[in-house]
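Working notes for the structure below.
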Protein chains: 2
Amino acid sequence: MPQRTDKSLNSEPTIKDIKQIYDVLTDEEKLKLENNHKVKHFKKNEVIYEEGEVPDSLLCLGSGKVKVYKVGFGGRDQIVRMANPTSFIGYRAFFAEGPHVASAVVIEPCTIFYIPKTIVFELLECNHQFSLNIIRSLAQELGFSRYRTVTLTQKHIRGRLAESLLVLKEIYGFEDDGMTLNVYLSREDLANFSNMTTSNAIRTLSTFVNEKVITVDGRIIKILDIETLERISKLG
Amino acid sequence: MPQRTDKSLNSEPTIKDIKQIYDVLTDEEKLKLENNHKVKHFKKNEVIYEEGEVPDSLLCLGSGKVKVYKVGFGGRDQIVRMANPTSFIGYRAFFAEGPHVASAVVIEPCTIFYIPKTIVFELLECNHQFSLNIIRSLAQELGFSRYRTVTLTQKHIRGRLAESLLVLKEIYGFEDDGMTLNVYLSREDLANFSNMTTSNAIRTLSTFVNEKVITVDGRIIKILDIETLERISKLG
DNA sequence: GGAAATATGTGTTATAAAACATAATCAGCG
DNA sequence: CGCTGATTATGTTTTATAACACATATTTCC
């Protein structure tokens with residue numbers, strides 16, 4: 001496997017890198033935040049939180065990659081979100097003030113900032129811009145979730161997998177070569193993200209390779225022909 | 001068809017009935033809201049907004065029933081939300097500050113309050129509790145949306161339809177008899193809410209009738225055996 | 001370094017649900 | 001009032017995809 005170049009890993013992130021919160025704070029609020037948060041590191045496959053747990057902190061992903069999934073009925077999991085730095089993690093449950101309804105597991109080593117509930121609500125109370133950022137975040141994610149509900153229920157396997165690859169490209173982007181997806185998922189994760197069995201993810205990936213739309217080398221996926229991939233995604 | 005008793009229709013609602021906003025305002029803010037909103041009435045099947053439109057007001061459903069749906073790929077629509085009084089309508093796009101990604105159509109005659117964007121943002125800025133209500137609303141709806149993504153993709157037809165009936169019961173409740181669903185949908189809407197073809201909605205509804213779980217008289221659905229319905233919903 | 005576990009790959013079969021076809025019933029309306 | 005279009009209903013065929021089975025890599029870790 002080649003070197004996984006990820007700028008966010010080159011230097012250790014700090015709470016100041018969480019722009020959507022740090023940048024809107026006053027100097028006084030910044031100080032409060034800096035003095036009142038914890039930093040935790042997670043290794044690959046570690047569990048960040050599990051379905052049912054009640055969050056008492058707001059989590060921000062400083063670096064690394066995280067999958068958020070719900071355990072399904074037929075044993076198959078559904079990945080409902082792939083998180084990238086710098087974004088909030090598990091914040092839906094935090095702000096709904098209820099338990100997590102999904103679990104979060106590390107895909108690539110993570111640095112996560114924990115901001116205690118009391119601090120978050122103090123900041124929300126005095127900083128109106130922070131509230132607006134949270135509102136916008138949730139509204140956008142709800143839009144995405146509804147979009148996915150429709151595509152995952154209505155598109156055919158090829159369309160679903162093509163769309164997932166494009167979504168991953170949107171979230172994590174390409175390597176420096178401009179074609180290698182900057183995320184390395186197992187076939188099973190890819191299947192769970194696309195609402196299909198692992199077998200069908202493998203099979204469909206192979207047909208995409210035969211059609212010269214992508215290349216696959218282990219978990220390294222290169223998108224050769226993004227227009228065709230978009231067409232496959234659109235047509236179903 | 002029997003009388004559709006709906007308390008919210010008995011007396012004309014006012015902006016004061018939108019508790020999640022009115023009740024958290026100061027007297028001064030209340031006055032501002034009362035002087036700066038419009039009231040519109042919609043008849044059955046009227047379009048409230050369509051996919052692509054950019055909202056310039058926050059809409060609150062004072063009375064009536066609304067379906068929110070996305071146009072799918074194979075021509076089939078997916079109903080992503082059934083709205084009841086008193087809740088916000090189309091507020092996801094409003095707060096994401098982008099276009100609507102779904103359309104809203106009247107199921108039962110509606111009274112809708114329009115609060116202009118400037119007023120909403122003025123209230124958000126000075127009233128922290130209002131922000132929190134919006135945040136909580138969006139967070140809860142995102143939770144529901146993700147839950148539905150999993151159930152609509154993984155449950156079998158029977159499970160999906162059973163769940164939809166239970167969800168409708170949660171949203172609109174029963175008539176006074178404690179068993180008649182207080183919402184009257186076409187088989188097509190029921191199908192579009194449950195991610196299945198109209199034929200299959202009709203067929204499955206019939207099997208539920210045969211199994212004495214429900215009765216059906218036109219669009220009037222009575223739930224006879226809610227425990228069995230819940231079991232069907234859970235098992236797939 | 002080798003055994004065990006895990007992940008990937010491929011062919012075959014079974015099946016849930018869509019697609020199609022065709023009535024029957026109901027609602028609106030000139 | 002009877003025509004027209006929408007809605008509801010039901011049987012048959014087709015198909016996409018899950019389920020199963022099994023082979024082969026690849027990683028893990030003792």
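To find a chain, count down the sequence lines: A is the first, B the second, and so on, and within it residues start at 1.
- A distance-only check finds no donor-acceptor pair linking the side chain of Asp77(B) to the backbone of Asn192(B) [under 3.5 Å].
- Using a 4.0 Å cutoff on non-hydrogen atoms, the parts of residues 197-205 of chain B near DNA chain C are Thr197(B), Ser199(B), Asn200(B), Arg203(B), ordered by number.
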- Message: For Glu211(A) and Arg158(A): C-alpha separation, side-chain torsions, deciding distance, then whether salt bridge (Lys or Arg N to Asp or Glu O under 4.0 Å) applies.
- Response: CA-CA 12 Å; Glu211(A) 294 165 10; Arg158(A) 283 168 57 85; 2.9 Å; yes

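- In this model, a donor atom of one side chain and an acceptor atom of the other lie less than 3.5 Å apart for Ser87(A) and Arg81(A).
- Separating the CD1 atom of Ile221(B) from the C1' atom of dT8(D) is a distance of 13 Å, rounded to the nearest angstrom.
- Under the 3.5 Å distance criterion, the side-chain polar atoms of Ser103(A) are matched with a main-chain donor or acceptor of Glu51(A).
- The distance from atom CG of Leu190(B) to atom P of dT7(D) is 14 Å, rounded to the nearest whole Å.
- Taking atom CG of Asn192(B) as the reference point, atom C1' of dT7(D) lies 14 Å away to the nearest angstrom.
- Remark: Thr197(A) pairs with Arg76(A), Ser199(A), Asn200(A) by the side chain to side chain contact (heavy atoms under 4.5 Å, CB included) rule, at least two apart or across chains.
- Using a 4.0 Å cut-off between a side-chain N of Lys or Arg and a carboxylate O of Asp or Glu, Arg146(A) and Glu141(B) qualify as a salt bridge.
- Residue Asp189(B) contributes atom CG, which lies 13 Å from atom C1' of dA6(D) at whole-angstrom precision.
- Rounded to an integer number of Å, the gap from Asn45(A) CG to dT6(C) C1' is 12 Å.
- As rounded to whole Å, 13 Å separates atom P of dT6(C) from atom CZ of Arg219(A).
- The stretch residues 152-162 of chain A comes close to DNA chain D through His156(A), Ile157(A), Arg160(A), each having a heavy atom under 4.0 Å from the strand.
- Side-chain atoms of Tyr69(B) and Val71(B), non-hydrogen and from C-beta on, do get closer than 4.5 Å to each other.
- Under the side chain to side chain contact (heavy atoms under 4.5 Å, CB included) criterion, Ser164(B) pairs with Arg148(B), Phe193(B), Ser194(B), sequence neighbours left out.
- Partners of His156(A) according to the ring pair (Phe, Tyr, Trp, His ring centres under 6.0 Å) rule, which considers only residues two or more places apart in sequence or in another chain, do not exist here.
- Here dA9(D) presents its P atom at 15 Å from CE of Met196(B), a figure rounded to the nearest Å.
- When distances are taken from the side chain of Arg76(B) to each of dA7(C), dT7(D), dA18(C), the shortest belongs to dA18(C).
- Spacing between atom CG of Asp217(B) and atom C1' of dA9(D) amounts to 15 Å, rounded to whole angstrom units.
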- Going 5' to 3' through nucleotides 23-30 of chain C and flagging B where a protein heavy-atom sits under 4.0 Å of the base, S where only the sugar-phosphate is that close, and - otherwise, we get --------

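- What you find for Phe174(B) and Leu181(B) is that their closest heavy atoms are CD2-N, 4.0 Å.
- The backbone N or O of Val150(A) sits nowhere less than 3.5 Å from a side-chain atom of Gln78(B) that would complete a donor-acceptor pair.
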